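First the structure, in the form of structure tokens, and then the observations on it.
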Protein chains: 2
Amino acid sequence: MTKTLAIDCMGGDYGPSVIIPAAISALQQHSDLQIYLVGPQQELNSHLKTHPKFDSRLHIQDASEVIGMSEKPSAALRRKPDSSMRKSLELVRDGEADACVSSGNTGALMALATVLLGTLPGIERPAITAELPNRKGSVTNMLDLGANIDASAEQLTSYAVMGHVLSERADGIDNPRVALLNIGEEAIKGRDSIKLAGEMLSNQSAMNYVGYIEANEIFDGDVDVVVCDGFTGNNVLKACEGITRFLYDQLRTEFTRSWWSKAVSALVWPLLKSFQRRINPDQYNGASLLGLREIVIKSHGSADSKATLFAINKAITEIERQVPQAIQDTVAQLLLNTDNEE
Amino acid sequence: MTKTLAIDCMGGDYGPSVIIPAAISALQQHSDLQIYLVGPQQELNSHLKTHPKFDSRLHIQDASEVIGMSEKPSAALRRKPDSSMRKSLELVRDGEADACVSSGNTGALMALATVLLGTLPGIERPAITAELPNRKGSVTNMLDLGANIDASAEQLTSYAVMGHVLSERADGIDNPRVALLNIGEEAIKGRDSIKLAGEMLSNQSAMNYVGYIEANEIFDGDVDVVVCDGFTGNNVLKACEGITRFLYDQLRTEFTRSWWSKAVSALVWPLLKSFQRRINPDQYNGASLLGLREIVIKSHGSADSKATLFAINKAITEIERQVPQAIQDTVAQLLLNTDNEE
């Protein structure tokens with residue numbers, strides 16, 4: 001099966017200079033892959049000079065405009081009809097590509113993707129999902145990470161279904177354990193929306209709902225999917241980024257404090273590098289915008305070529321596993337059934 | 001000035017076996033300190049046998065009941081009139097002690113403290129505040145960490161005032177920088193309650209309100225007070241605990257992987273210990289229940305004697321700096337003025 005990606009080359013901190021090398025690497029890895037590079041033709045061509053050998057599988061889609069990283073989603077929707085982000089999504093909408101990868105402005109990408117591609121039946125709003133590492137060496141999918149500020153019980157339940165499908169399909173986890181994030185494990189605590197979602201999830205048997213977890217358990221690897229509202233998810237994820245950077249800094253300071261510690265750190269260097277590889281968030285780059293009719297992957301704004309390649313490979317996996325179709329089927333089976341019983 | 005503490009000895013994972021040694025250390029450090037140890041007399045006496053020399057400054061307040069760590073706050077309020085937690089707070093209410101320290105059930109402590117001690121004029125609900133380390137080597141006060149699930153704009157504003165006072169008084173920071181936690185720095189993003197609180201805080205000049213920050217900036221040390229609703233704060237704090245434990249585990253695994261890394265780790269050990277001391281959360285043990293008429297400090301349930309001593313010393317600092325009175329004065333000046341202008 002030929003797979004075709006539309007890659008928005010104009011997002012992120014580095015633009016085509018890191019995105020095009022990642023696209024070339026992906027073409028090297030996957031012989032059945034076709035790629036549309038989307039952005040100002042002249043600029044893209046200047047980066048492509050040295051990659052003539054993928055001519056037949058690499059296409060340039062000209063797009064004259066770029067959506068800025070701090071532009072309002074509403075502006076991205078109403079103005080800039082020729083933005084690289086919009087053009088990338090239109091290639092997917094028109095069946096020219098199977099998935100879109102962008103490292104542009106998240107809010108704009110959410111808004112444009114929702115309008116251009118639409119949500120699946122039974123899904124009110126898409127959610128942003130990312131893979132987090134854990135102590136068991138597997139991955140935990142967490143959603144929503146900021147697509148929507150608040151979440152009703154119904155939205156939380158639909159996030160649970162989408163996370164379940166992603167975990168099963170994309171990560172190959174059998175009967176994934178799905179949990180709701182709450183501030184106490186006792187059913188009496190927490191928001192009403194969470195309690196109600198917990199009841200709804202307890203009343204179905206098609207999905208392995210395991211109850212509440214607290215945020216300190218996210219990295220334990222005892223659950224495969226963590227569901228929360230987007231405000232909480234976004235803050236939790238960013239706090240984790242912040243404290244990880246802080247801990248690294250402290251460790252580096254410790255190892256450069258004296259001639260003795262500098263000498264030791266030379267010995268330790270290979271171990272620290274190995275450690276860094278194991279917890280490198282770039283390995284987990286690529287957030288899925290779940291609940292849309294098509295596949296859209298958001299790459300981190302600060303991703304380098306290697307991290308961008310992870311996001312591209314994530315898109316390819318979701319194409320192969322037909323994630324949107326699987327979500328649609330599961331929603332029909334679980335949520336629409338639930339509705340009928342009420 | 002003699003300072004008197006009421007210490008609930010029956011909370012936390014270890015009870016009197018860690019709390020009494022911490023109390024004894026505090027008496028050694030502070031010659032003007034008096035302590036009430038609160039709990040079942042017989043049990044406390046059995047732990048005290050070896051500490052006869054503080055007889056004149058160490059008092060036992062018998063309390064026959066203990067509030068369990070998973071007991072509902074409502075049950076703690078209605079039943080158990082002779083609990084060690086309630087007795088400790090009553091000593092403060094009745095003027096026998098200047099502050100209460102407990103490592104018991106947070107929800108029960110909040111509920112009992114609010115009912116027995118009352119909130120300050122202008123403060124609707126107390127908030128839980130803790131000190132977090134940061135890259136600049138100072139501390140950042142974050143609140144609310146879970147006293148209340150949601151927070152209105154008025155509540156967020158009162159948290160800002162309380163954080164400002166704590167930072168200025170207890171940490172000695174001149175004109176502390178106060179920020180609201182949000183999911184984007186642009187004023188257009190985030191919840192309505194946050195936007196409204198931002199406007200209210202921008203419209204006063206007595207306090208150094210610096211705008212929104214995102215959660216990845218909490219540990220940068222560029223602000224002294226971070227204000228958010230209790231659900232978000234609790235999740236952010238617990239996620240940070242979880243990822244710190246996860247990173248430690250990964251580091252330890254790295255250093256015990258082979259004979260070579262084991263050999264290196266023997267050399268590295270003193271550096272790692274020094275690192276651990278610098279980021280040790282026990283250094284920051286002791287969450288303040290701000291907004292009450294009296295001083296109440298919550299010690300972490302898993303605190304050892306050393307960490308418990310930090311919580312005790314925090315209570316002593318708040319007594320010396322008269323934190324509740326300062327909050328009352330600032331609220332009167334800022335919030336009640338603001339109300340008058342509307």
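Keep in mind that this is a model prediction, so the values were computed, not measured. We name chains A, B, ... by the order of the sequence lines, and we start the count at 1 in each one.
Taking chain A as the reference chain and counting heavy-atom pairs below 4.5 Å, the highest number among B:Leu237, B:Asn134, B:Leu132 is found for B:Asn134.
Inter-residue side-chain proximity for A:Asp249 and B:Phe219 is flagged as unmet; no heavy-atom pair is nearer than 4.5 Å. Using a 4.5 Å cut-off on side-chain heavy atoms (C-beta onward), A:Asp220 and B:Phe246 make no contact. Counting only heavy atoms from C-beta outward, the side chains of B:Leu247 and A:Thr244 approach each other to under 4.5 Å.
Residues B:Phe231 and A:Asn182 share a closest heavy-atom pair of CE1-OD1, 3.7 Å. Minimum heavy-atom separation, A:Asn235 to B:Ala215: O-CB, 3.1 Å. Counting all heavy atoms, side chain and backbone alike, A:Cys240 lies closest to B:Ile243 at CB-CD1, 3.7 Å. Listed here is the closest heavy atom pair of A:Ile183 and B:Lys238: O-NZ, 3.5 Å.
Of the atoms belonging to B:Asp229, it is side-chain heavy atoms, and not backbone ones, that fall under 4.5 Å from chain A. No part of A:Leu145 comes within reach of chain B, as not one of its non-hydrogen atoms sits under 4.5 angstrom from that chain.
Enclosure of atom CZ in A:Arg245 by more than 12 non-hydrogen atoms of other residues, nucleotides or ligands within 6.0 angstrom is indicated.
For the atom pair B:Ile149 CD1 and A:Asp192 CG, the distance stands at 7.5 Å (nearest 0.5 Å).
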